[in-house]
**Student:** 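Provided herewith is a single structure, encoded as structure tokens, for subsequent inquiry.
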Number of protein chains: 2
Amino acid sequence: MSLRHALLGVLSARPMNGYSLARFFLASQNWVWSAPRSQIYSALKSLEDDGLIDASREEGRNGLVTKVYSLSPAGQAELDHWVSTPQPPSPHRDAFAVQALHFDAIDPEDAATVLRAYLDDQRRQLAEWESHRDALASRSTPLLKERLASRPAGEHERIATLKAHVFEGQAMQALARIAWAEQALELVAAGVSVATPTG
Amino acid sequence: MSLRHALLGVLSARPMNGYSLARFFLASQNWVWSAPRSQIYSALKSLEDDGLIDASREEGRNGLVTKVYSLSPAGQAELDHWVSTPQPPSPHRDAFAVQALHFDAIDPEDAATVLRAYLDDQRRQLAEWESHRDALASRSTPLLKERLASRPAGEHERIATLKAHVFEGQAMQALARIAWAEQALELVAAGVSVATPTG
DNA sequence: ATGACCATGTAAGCAGTTACATGATTAC
DNA sequence: GTAATCATGTAACTGCTTACATGGTCAT
């Protein structure tokens with residue numbers, strides 16, 4: 001159900017077409033929810049059917065006609081209500097942990113290779129999250145600028161701080177995973193008989 | 001695709017029926033992958049069709065007939081291969097972060113309520129993961145005992161250490177989320193006009 | 001004219017959720 | 001007898017993935 005609310009959330013900053021929305025959700029981006037374009041378009045249709053967003057055909061900067069969606073009052077109410085309601089914890093699924101649970105059963109060098117690939121991924125993610133955090137803190141992202149434009153100046157600092165802190169949280173989790181993987185690299189190497197020197 | 005490998009992983013310790021396997025995957029358990037029973041049963045059927053596990057009708061301790069699955073050589077090979085292969089990072093989806101991104105737009109007391117519920121969940125999870133970590137480190141879980149029984153004694157310490165470390169990693173991530181949520185609680189309260197003293 | 005990007009979708013299939021159906025055993 | 005646990009499934013549905021289809025604009 002969260003894709004719907006994530007879409008409402010982006011639209012609460014400004015009206016947007018499906019393609020632009022999809023950029024926020026493209027896999028391997030520095031965003032907290034990912035989804036392919038096909039899913040965005042059908043979710044938008046269903047949100048429109050439910051009256052949570054309104055569609056209007058407008059021309060983009062090229063005279064090209066696109067479908068622009070904006071949050072309806074009902075959509076804003078639904079978003080606010082959802083954000084204000086504690087959600088039950090979502091089921092836990094950590095594919096990498098499943099893999100790691102069996103590192104004892106394979107060649108330690110293979111385990112090290114898997115761990116190093118994981119470390120690369122996590123370090124890349126960390127960099128993206130830190131950079132997004134900094135961009136929000138300095139209010140330099142286009143979406144945040146548009147959002148702040150409709151809020152009193154006195155609230156700007158608080159809003160930017162809270163939003164930046166969400167990505168600080170993502171970064172903190174990435175740091176925990178990185179620290180863990182570094183320890184794991186030492187552990188998988190620990191029990192290995194030393195290779196015969198070949199060079 | 002990971003449920004299949006998670007099932008192969010559990011079966012690599014010992015043969016088991018679907019109901020027992022499902023206990024490892026029940027939501028809100030201290031396990032790294034969750035799935036409902038219905039999904040376990042159909043996944044087992046498909047694994048059997050693919051020749052990765054073998055089924056045999058055996059009688060349980062009550063003379064009651066159950067279907068016991070065991071890992072086939074092909075299943076063991078598939079598991080080892082999957083564990084040894086770096087997987088592409090799975091798409092990121094953090095529903096709570098979507099919620100947190102909009103804490104600036106709602107009543108700070110509602111945001112605090114949501115954060116406290118999250119903190120409760122994470123602290124409960126942390127306790128479960130720490131206890132599972134300790135149980136593995138002291139080799140007191142039934143499954144680990146059976147697993148160690150088929151491995152040379154000299155490897156026992158390394159195996160237990162590596163498995164315990166996976167849950168240490170889960171605990172580290174929970175700690176990061178808890179630390180983040182505690183900071184967030186301070187931040188949401190920060191910009192609030194002080195309530196009139198009422199007691 | 002070729003490739004990159006803008007823009008909107010459909011279709012098929014797999015993964016995951018929720019509810020239902022059935023029946024035996026064990027503990028109180 | 002009644003509730004909890006053991007045990008195996010089916011059915012309907014929603015969410016997510018992957019591939020395909022179409023056509024316009026912009027820069028080289």
Side-chain angles (χ1 to χ4, degrees), chain A residues 1-8 15-29 31-50 53 55-69 87-95 98 142, chain B residues 1-8 15-29 31-50 53 55-69 87-95 98 142:
Chain A
M1 304 229 100
S2 293
L3 174 58
R4 291 165 63 89
H5 293 106
L7 285 165
L8 295 178
M16 225 180 275
N17 64 32
Y19 191 83
S20 306
L21 279 164
R23 270 195 293 255
F24 288 89
F25 295 90
L26 283 182
S28 83
Q29 285 291 120
W31 189 245
V32 291
W33 196 271
S34 85
R37 262 194 267 277
S38 62
Q39 206 187 355
I40 309 277
Y41 284 117
S42 48
L44 286 171
K45 181 171 268 182
S46 115
L47 285 168
E48 193 192 353
D49 290 346
D50 295 349
I53 59 179
S56 66
R57 295 212 157 263
E58 287 175 30
E59 47 181 300
R61 46 189 176 7
N62 315 319
L64 218 163
V65 179
T66 74
K67 207 188 273 187
V68 174
Y69 293 97
Q87 303 298 133
S90 43
H92 191 67
R93 256 172 236 121
D94 186 339
V98 175
Chain B
M1 301 232 106
S2 294
L3 174 58
R4 291 164 63 88
H5 293 105
L7 285 165
L8 295 178
M16 225 179 276
N17 64 32
Y19 191 85
S20 306
L21 280 163
R23 267 195 296 254
F24 287 90
F25 295 91
L26 283 181
S28 82
Q29 284 292 121
W31 189 244
V32 290
W33 196 271
S34 85
R37 261 194 266 277
S38 62
Q39 206 187 354
I40 308 279
Y41 284 117
S42 47
L44 286 170
K45 182 171 268 181
S46 116
L47 285 168
E48 193 191 354
D49 290 346
D50 294 348
I53 59 179
S56 65
R57 297 213 154 262
E58 285 175 30
E59 48 181 298
R61 46 185 177 11
N62 315 318
L64 219 162
V65 179
T66 74
K67 206 188 274 187
V68 174
Y69 293 97
Q87 304 298 132
S90 43
H92 190 66
R93 256 171 235 122
D94 185 338
V98 175

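A, B, ... follow the sequence lines: proteins, then strands. Residue 1 opens every chain.
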**Student:** Is the shortest side-chain heavy-atom distance between B:Y41 and B:K45 below 4.5 Å?
**Tutor:** no
**Student:** Would you kindly give the CZ-to-P distance between A:R37 and C:dA7, to the nearest whole Å?
**Tutor:** 10 Å
**Student:** So what does A:R93 hit on the nucleic acid, given a heavy-atom distance under 4.0 Å: a base, only sugar-phosphate, or nothing?
**Tutor:** sugar-phosphate
**Student:** If you look at every strand shown and take non-hydrogen atoms under 4.0 Å, does A:S38 touch a base, only sugar-phosphate, or nothing?
**Tutor:** base
**Student:** Expressed in angstrom and rounded to an integer, what is the separation of A:F24 atom CZ from C:dA7 atom P?
**Tutor:** 13 Å
**Student:** From D:dG15, D:dA7, C:dA7, pick the nucleotide closest to the side chain of B:Y19?
**Tutor:** D:dA7
**Student:** To the nearest angstrom, how far is B:Q39 atom CD from C:dC14 atom C1'?
**Tutor:** 10 Å
**Student:** Side-chain N or O of B:Y41 less than 4.0 angstrom from OP1 or OP2 on D:dT8?
**Tutor:** yes
**Student:** Counting side-chain heavy atoms from C-beta on, which of D:dA7, D:dG15, C:dT17 comes nearest to B:T66?
**Tutor:** D:dA7
**Student:** Taking the side chain of B:Y69 as heavy atoms from C-beta outward, which of D:dG9, C:dA15, D:dG15 is closest to it?
**Tutor:** D:dG9
**Student:** Which atom names give the shortest non-hydrogen contact between A:M16 and A:S20, and what distance separates them?
**Tutor:** CG-CB, 3.6 Å
**Student:** D:dG9, OP1 or OP2 - any side-chain N/O from B:K67 closer than 4.0 Å?
**Tutor:** yes
**Student:** In whole angstrom, what separates B:R23's CZ from D:dA4's P?
**Tutor:** 17 Å
**Student:** Is any side-chain heavy atom of B:E48 closer than 4.5 Å to a side-chain heavy atom of B:I53?
**Tutor:** yes
**Student:** Quick one: A:E58 CD to C:dT8 P, roughly how many Å, whole number?
**Tutor:** 12 Å
**Student:** Separation of A:R4 atom CZ from D:dT14 atom P, in whole Å?
**Tutor:** 11 Å
**Student:** Measuring only between side-chain heavy atoms, which start at C-beta, is A:Y19 closer than 4.5 Å to A:R37?
**Tutor:** yes
**Student:** Could you check if a side-chain atom of A:R4 sits within less than 4.5 angstrom of a side-chain atom of A:D50, using non-hydrogen atoms only?
**Tutor:** yes
**Student:** Tell me: CZ of A:F25 to C1' of D:dC16, nearest whole Å?
**Tutor:** 14 Å
**Student:** Nearest whole angstrom, please: distance from the C1' of C:dG16 to the CH2 of B:W33.
**Tutor:** 10 Å
